[in-house]
Amino acid sequence: MTSSMLFNVTTLAYMASMVLFFAFLASRNKALGLGGSLLAYAGLAVQTVAIGLRWKESYDMGVGHAPLSNLYESVVFFSWTIILIYMYIDLKFKYRIVGAFVVPFALLGMAWAQLGLNSGIEPLVPALQSNWLLYHVITCFLGYAAFAVACGVSIMYLIKAQHEENNASGASAGGLMSMFPPTRVLDDLNYRAIMIGFPLLTLGIITGAAWANYAWGTYWSWDPKETWSLIVWFVYAAFLHARFTRGWVGKRAAWLSIIGFAATIFCYLGVNLFLSGLHSYGNSKM
Amino acid sequence: MATTQRSFPQSVWDFFCSLKLTIFLLISLALTSIIGTVLPQGSLPPEYVAQISPAKLQIYSKLGFFDMYHSWWFITLLYVFSLNLICCSIKRLPHVFKFISEPMLVLGESQRSSFALKQEITFTGAVAAGRDALQEFLAKELAAAVVTEHNGEYHLFAQKNPWCRLGVYVVHLSILVIFVGAIVGSLFGYKGFVSIVEGSGISTVETRTGQHLPLGFEVRCEKFNVDFYPTGAPKEFRSTLTILENGQPVPGYKDVKVIVNDPLSYKGITFYQSSYGQASEGSQHFLTATPRSGGAPQRLAIREGEAVVLKDGSTLKLLEAAQEVQQFIPGMSGAAARVELTVKGKAPQVFIVFKNYPDVNAQRGDDLVLGYEGTNARMYTGLQVAKDPGVWVVWLGCSLMVLGLYIAFFLSHKRVWIVVTKGHARMYGNSSKNQAAFSMQFEELANKLKNLKI
């Protein structure tokens, strides 16, 4: 058994979970929703084992390091954190349907990693040989995952709010929309997810700064990755303040959350694809 | 007094206190920050200058776009942001302090109806007995209660974590502390770079602003090494450094190993492994040329780029040499030279001569077998140098921020009142955050209250 096989199983589990969630949306059969959740959790369990196994495999190869060192490993870890945060929200707030809007993000990550990225285990270049790698990557990605959940919830909010506006006169006609939690709840979930993500992103930026200071003697150098993480921080800080300002609650807050996640994805991937800097995965400067 | 006309200072004050300004500033900072990630910052690469129109170049430079995070308008945004933070805090803090230090001990009739969480019980005992029992109940289940008599009713008030309402101000303060740390660093510190050839030392550093500053001591590079993985990827860049004062090694600072992610600090100045190379000036490479038919090898000492004529009339040119080929040719290790050999009357051939693989060198079916014996060139190490007395202030600010965020997001101010009258006790509660969790806690409290023997 190899970690790569288990990652394939994980991908299939997330795909099946998504299909069940969509069937749940269409049929409103509660058993399907439960199945979707359970499959997502099963996928998470398999993925956890797979990540552990890949860690061990790297030691067997004599280049032992945490599996967080290149784009493939980070995308896999990102998927893992998304389902982890989804599980937390699902168990705590019990709005199963949120899975239909969150699991696809994790599936997208796994599918891309398995199909399109180089999955070889590589030795760590000198720049990455530090314990800060673990702290920095884990905090950042848990934060990103919370923002992914917030984005999924915000999309639900906008769909629901749009629907309610269109049917303002008549009583809500049941159907698909009756599956969605009330807008008030979605707004609250959005806020809660960001309340988890924002401190984690802050920790991620701080651990990154501490590491940079330790490796290069500069805690902040306006590198594109650093700057984009700060941009993401500014957007969510604006979101948190917007909640206390009239005229910014509801739809605008939901849009801020979606923009925040778009900025997050750009910070994570766009910076590496389109801009140059210190975080080019796998081929950093020393 | 109802005046619609606000005075000018009042309007300025309100402007700087407003949350709308905060949101505007946060979004402006986010949007403008993008510029510096798209345009090159600092010294412009010539390719960039060549492709951009002169007019654009001039406008961008005028606007400070090529050093935008230090431009006057970006710094101004940060100052206004700080001002906004300070004004908001000054305006709201006294209210918060008052809220904490002078809690609402008595619940008026109108206030009672506004609570979502309430529970009523009846009891048969005397009012005073009920009051005492409930006071004990609150002390046991939540926190010590303050009892106030008001219009013949007893109002019991207990609260938890009132100070957590200050969390958000701790976060605001932390941002200012980080700014102070950054300013201290830029005023009293510097960043620089030194390159030291093996066996030599330096005692000044060139800063990023081009100044040459004395270090106050000497740093000598004893040795520089690079290790590679079998794949050819670099494994470790290692400088061996010694600090000297008055020409004498400082105890504990002799032959210190400095690698990436493990710098050397001395007297507030830190040296970070950053780059390396071969000090090529004047260095020679040693090659041998042995006739395949036998005979004594001819020994050659050549500089990079130089050519010599061999005994048999061929010309040998040394194109380049590397002291470790693993990163270029996985599976091979050690030094090698790339040479161009022109045998008389034939076309020049370019090939590689290895130090560790004489068999490989001999496999080349030619009249001459070449060998590479190495070089007398020395390596140099490139070190980033930083002095930043403000960095501890920055870490203090960061710690405050994490603490403040924890308090602001994960702790809540919980308040419970019990109004005791003859035969009745009514309990009310609210919390500053996370109402859902608190309502469960309140329900539990209410259940215990119902079972209370008075």
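Note on naming: letters A, B, ... go to the chains in the order of the sequence lines (proteins, then strands), and numbering restarts at 1 for each one.
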Please determine, among [options], the option with the most heavy-atom pairs under 4.5 Å with chain A.
{"options": "B:I34, B:V38, B:V402", "result": "B:I34"}
{"options": "B:K20, B:E236, B:M401, B:K191", "result": "B:K191"}
{"options": "B:S18, B:S33, B:A386", "result": "B:S33"}
{"options": "B:F24, B:Y69, B:W395", "result": "B:Y69"}
{"options": "B:V171, B:N261, B:L405", "result": "B:N261"}

Looking at [X] versus [Y], is the centre-to-centre ring distance below 6.0 Å?
{"X": "A:Y268", "Y": "A:F141", "answer": "yes"}
{"X": "A:W222", "Y": "B:F74", "answer": "yes"}
{"X": "B:Y380", "Y": "B:Y276", "answer": "no"}

Where does [X] contact chain B at under 4.5 Å (heavy atoms): side chain, backbone, both or neither?
{"X": "A:A263", "value": "neither"}
{"X": "A:W233", "value": "side chain"}
{"X": "A:T202", "value": "side chain"}
{"X": "A:L240", "value": "side chain"}

What option among A:V235, A:V232, A:N213 has the most heavy-atom pairs under 4.5 Å with chain B?
->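 Option with the greatest count: A:N213.
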Specify which of A:P123, A:A238, A:G62 makes the most heavy-atom pairs with chain B at under 4.5 Å.
->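 Option with the greatest count: A:P123.
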Contact origin within [X] toward chain A - heavy atom pairs under 4.5 Å:
{"X": "B:I259", "value": "neither"}
{"X": "B:Y229", "value": "side chain"}
{"X": "B:A408", "value": "neither"}

Rounded to the nearest 0.5 Å, how far apart are CG of B:L396 and OG of B:S174?
->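 Answer for the CG-OG pair, B:L396 versus B:S174, is 9.5 Å.
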Any side-chain donor near an acceptor of the partner, [X] and [Y], under 3.5 Å:
{"X": "A:E57", "Y": "A:T2", "value": "no"}
{"X": "A:T218", "Y": "A:W216", "value": "no"}
{"X": "B:T209", "Y": "B:Y190", "value": "no"}
{"X": "A:S37", "Y": "A:D90", "value": "yes"}

Can we say B:K257 and B:D262 salt-bridge, meaning some charged N sits less than 4.0 Å from an Asp/Glu carboxylate O?
->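 Answer for the salt bridge query: no.
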